[in-house]
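Here the structure comes first, spelled out in C-alpha cells, and everything after it is commentary.
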Amino acid sequence: MGAFATTFLLTISNPMTILSFAAVFAGMGLGSMSERGAGLLLVAGVCVGSALWWLLLSVGVGMLAERLDMKILRWTNRLSGLIILSLGLLALVTLRF
C-alpha cells in the first residue's frame with residue numbers, strides 16, 4: 001500500500017500530468033461547470049484504462065519472467081540502453097541544427 005501511495009502522489013504532483021489533463025479538458029470544452037459529468041467520465045476512463053494497461057503489463061512480464069534467464073535480461077538491458085543513448089544523441093544533434 002505504501003508503494004501505491006508513493007507512486008500515486010508522484011504521478012498526481014507531476015506538472016506534465018496536470019498540464020496534460022488541463023489541455024485535454026480545455027480541448028474538449030470541459031471547462032464549464034455544466035460539463036462536470038463529462039470531465040468525471042473522462043477521468044474515470046483514464047484511470048480504468050491505466051489500471052488495465054498496468055495489469056496487462058504486469059501479467060505479461062510475470063509470464064515472461066519465468067522463461068528468461070539472466071543472460072537474456074542482461075542483453076535486453078544493454079540493447080535498451082543503446083536505444084535510449086542513440087535517441088538522446090539524435091535529440092542533441094537535431095537541437096544543434
Side-chain angles (χ1 to χ4, degrees):
M1 197 60 167
F4 171 78
T6 302
T7 304
F8 178 76
L9 289 174
L10 282 172
T11 302
I12 203 71
S13 65
N14 183 354
M16 289 306 295
T17 301
I18 295 167
L19 292 174
S20 297
F21 270 104
V24 169
F25 286 167
M28 294 180 70
L30 299 177
S32 67
M33 291 303 284
S34 63
E35 297 291 333
R36 182 183 294 178
L40 291 175
L41 187 61
L42 176 65
V43 171
V46 169
C47 288
V48 169
S50 294
L52 287 174
W53 168 248
W54 281 108
L55 178 66
L56 177 71
L57 195 62
S58 298
V59 168
V61 168
M63 290 171 60
L64 282 176
E66 296 173 355
R67 296 184 177 141
L68 300 177
D69 60 357
M70 287 306 293
K71 184 177 180 180
I72 294 173
L73 290 176
R74 191 175 303 118
W75 278 104
T76 303
N77 284 336
R78 288 176 181 166
L79 180 63
S80 299
L82 184 64
I83 291 170
I84 292 170
L85 179 67
S86 300
L87 290 173
L89 290 174
L90 179 65
L92 284 174
V93 168
T94 56
L95 282 177
R96 299 263 315 154
F97 300 105

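Bear in mind that the values here come from a model prediction, so they are computed numbers and not experimental data.
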Interatomic distance, CG@Asn14 vs CG@Leu9, rounded to 0.5 Å, equals 12.5 Å
Flag, side chain of Thr94 to backbone of Ala91, donor-acceptor distance under 3.5 Å: yes
**Item:** Arg78, CZ atom: more than 12 neighbouring heavy atoms under 6.0 Å
**Value:** yes
Output for pair (Ser80 OG, Trp75 CH2), nearest 0.5 Å, gives 12.5 Å
Same hydrophobic cluster for Ile72 and Met70, using side-chain heavy-atom links shorter than 4.5 Å among ILVMFWY? yes
Which of Leu87, Ile83, Leu89 passes side chain to side chain contact (heavy atoms under 4.5 Å, CB included) with Leu85? Answer is Leu89
So CG of Leu64 and OG1 of Thr76: to nearest 0.5 Å the spacing works out to 10.0 Å
